[in-house]
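Structure, as structure tokens:
Predicted model, so just to flag it, every value in this text is computed and none were measured.
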Amino acid sequence: MADIIDRPSPNFDARDSDISMVVLHYTGMVDAEAAIARLCDPDAGVSCHYLVDEDGQVLRMVAEENRAWHAGLSYWRGVRAVNGCSIGIEIVNPGHEFGYRPFTEPQMEALLPLLAGIVERHNVPPDNVVGHSDVAPGRKQDPGELFDWARLAKHGLAIARPTRGLVDPHWTDGGFLLALERWGYDVHEALPAITAFQRRFRPELIDGEVDGECRAILLQLLLDRERGASI
């Protein structure tokens with residue numbers, strides 16, 4: 001991993017919770033320079049702890065012990081305003097508005113040790129390494145369907161998409177939403193929540209429709225979590 005360069009942002013304050021999550025974002029701006037300028041602009045009121053450029057360079061913008069302003073209105077597993085308990089990592093990518101594209105190999109290679117260090121320091125479980133769209137499904141799409149979650153999962157840094165032994169529980173749509181809430185999502189707006197789940201766990205088809213494959217994936221995620229908790 002390349003050396004981390006300090007590029008301090010003034011946009012932070014004191015934490016009010018222990019760190020228990022990591023939220024991954026894309027910058028969603030035309031280039032890295034524009035994103036960095038915004039993340040350092042006091043008038044913008046946004047920031048992150050780390051930024052990973054397309055060449056793999058990592059910038060530290062807010063110290064981990066402080067609260068960066070990266071997630072905005074957000075929710076995950078009963079926690080609202082997740083900035084207080086999370087580390088925010090911005091990954092340079094123009095996003096859906098400016099020409100969304102796959103993340104670069106140097107970015108992913110740099111992200112792995114960065115994320116591994118954070119997870120180890122703060123004992124963050126893999127199912128609390130999430131995307132911005134997971135914690136703010138009504139507002140955000142990042143890091144998006146092209147992000148390589150499977151690569152993180154191979155290193156134990158995120159939850160893998162279940163692929164074996166999938167069984168459709170034939171929940172009603174309401175039952176699916178209850179299960180989705182149990183997994184961690186805010187389901188008050190059903191369509192964004194379903195879409196966010198698909199973007200994360202079934203990215204090849206993001207249509208907002210609850211089908212047998214979505215139900216089977218979610219059931220297996222919940223079963224795997226229960227088995228893990230019982231060991």
Closest non-hydrogen atom pair, [X] against [Y]:
X: P143; Y: G131; result: CD-CA, 3.6 Å
X: L221; Y: A160; result: CD2-O, 4.0 Å
X: L180; Y: L218; result: N-CD2, 3.6 Å
X: A190; Y: L177; result: CB-CD1, 3.7 Å
X: D168; Y: A216; result: N-CB, 4.0 Å
X: R199; Y: Q141; result: CD-O, 3.2 Å

Less than 4.0 angstrom from a charged side-chain N to a carboxylate O is my criterion; do [X] and [Y] meet it?
X: R38; Y: D41; result: no
X: E90; Y: R7; result: no
X: R202; Y: E209; result: no
X: E109; Y: R151; result: yes
X: R101; Y: E54; result: yes

Does [Y] offer a backbone N or O that forms a donor-acceptor pair with the side chain of [X] under 3.5 Å?
X: R161; Y: F201; answer: yes
X: R225; Y: W183; answer: yes
X: R60; Y: Y50; answer: no
X: D6; Y: P8; answer: no
X: S74; Y: V82; answer: yes
X: S17; Y: C85; answer: no
X: S86; Y: G88; answer: no
X: T27; Y: N93; answer: yes
X: Q198; Y: G208; answer: yes

I want to check something: taking the side chain as every heavy atom from C-beta on, are [X] and [Y] in contact at a cut-off of under 4.5 Å?
X: L115; Y: V124; answer: no
X: D173; Y: V210; answer: yes
X: M61; Y: F12; answer: no
X: L152; Y: L24; answer: yes
X: V22; Y: V130; answer: no
X: L51; Y: V92; answer: yes
X: T104; Y: D55; answer: no
X: T195; Y: P137; answer: no

Could you grab the distance from atom [atom1] of [X] to atom [atom2] of [Y], nearest 0.5 Å is fine?
X: N66; Y: S9; atom1: CG; atom2: OG; answer: 10.5 Å
X: D224; Y: D127; atom1: CG; atom2: CG; answer: 10.5 Å
X: I36; Y: D53; atom1: CD1; atom2: CG; answer: 6.0 Å
X: L114; Y: Q107; atom1: CG; atom2: CD; answer: 12.0 Å
X: I118; Y: E64; atom1: CD1; atom2: CD; answer: 5.0 Å
X: R77; Y: Y75; atom1: CZ; atom2: OH; answer: 10.0 Å

I'd like to know if [Y] and [X] are part of one continuous hydrophobic network [Ile/Leu/Val/Met/Phe/Trp/Tyr, side-chain heavy atoms within less than 4.5 Å].
X: L223; Y: L178; value: no
X: L191; Y: F176; value: no
X: M108; Y: V58; value: yes
X: Y185; Y: I159; value: yes
X: V135; Y: F197; value: yes

Quick test of your reading: applying ring pair (Phe, Tyr, Trp, His ring centres under 6.0 Å), list the pairs with at least one residue in residues 14-37, sequence neighbours left out, ordered by first then second residue.
H25-H70, H25-H132, Y26-H96, Y26-Y100
ring-ring contact (aromatic ring centres under 6.0 Å, His included) filter on W149, not counting sequence neighbours, yields F147
In this structure, are over 12 heavy atoms from other groups packed under 6.0 Å from L73 atom CG?
no
Should the heavy atoms of other residues, nucleotides or ligands under 6.0 Å from CD of E65 be counted, would the total exceed 12?
yes
Apply side-chain contact (heavy atoms from CB on, under 4.5 Å) to E213 and L205, showing your working.
CA-CA 11 Å; E213 185 177 40; L205 178 57; 5.7 Å; no
Taking it one step at a time, do L166 and I217 satisfy side-chain contact (heavy atoms from CB on, under 4.5 Å)?
CA-CA 7 Å; L166 298 181; I217 290 170; 4.2 Å; yes
Are a donor atom and an acceptor atom from the side chains of W69 and D13 found within less than 3.5 Å of each other?
yes
Side chains of D134 and W76: any donor to acceptor distance under 3.5 Å?
no
Give me each pair satisfying salt bridge (Lys or Arg N to Asp or Glu O under 4.0 Å) with a member in residues 176-195, each pair once, sequence neighbours excluded.
R182-E226
Checking side-chain hydrogen bond (donor to acceptor under 3.5 Å, both in side chains) against R67, which of N11, D16, N83 comes through?
D16
Going through the distances and angles, do I89 and V23 end up as a side-chain contact (heavy atoms from CB on, under 4.5 Å)?
CA-CA 6 Å; I89 302 176; V23 181; over 6 Å; no
How far apart are the C-alpha atoms of L111 and L157, what are their side-chain angles, what is the distance that settles it, and do they pass the side-chain contact (heavy atoms from CB on, under 4.5 Å) test?
CA-CA 11 Å; L111 178 61; L157 300 174; over 6 Å; no
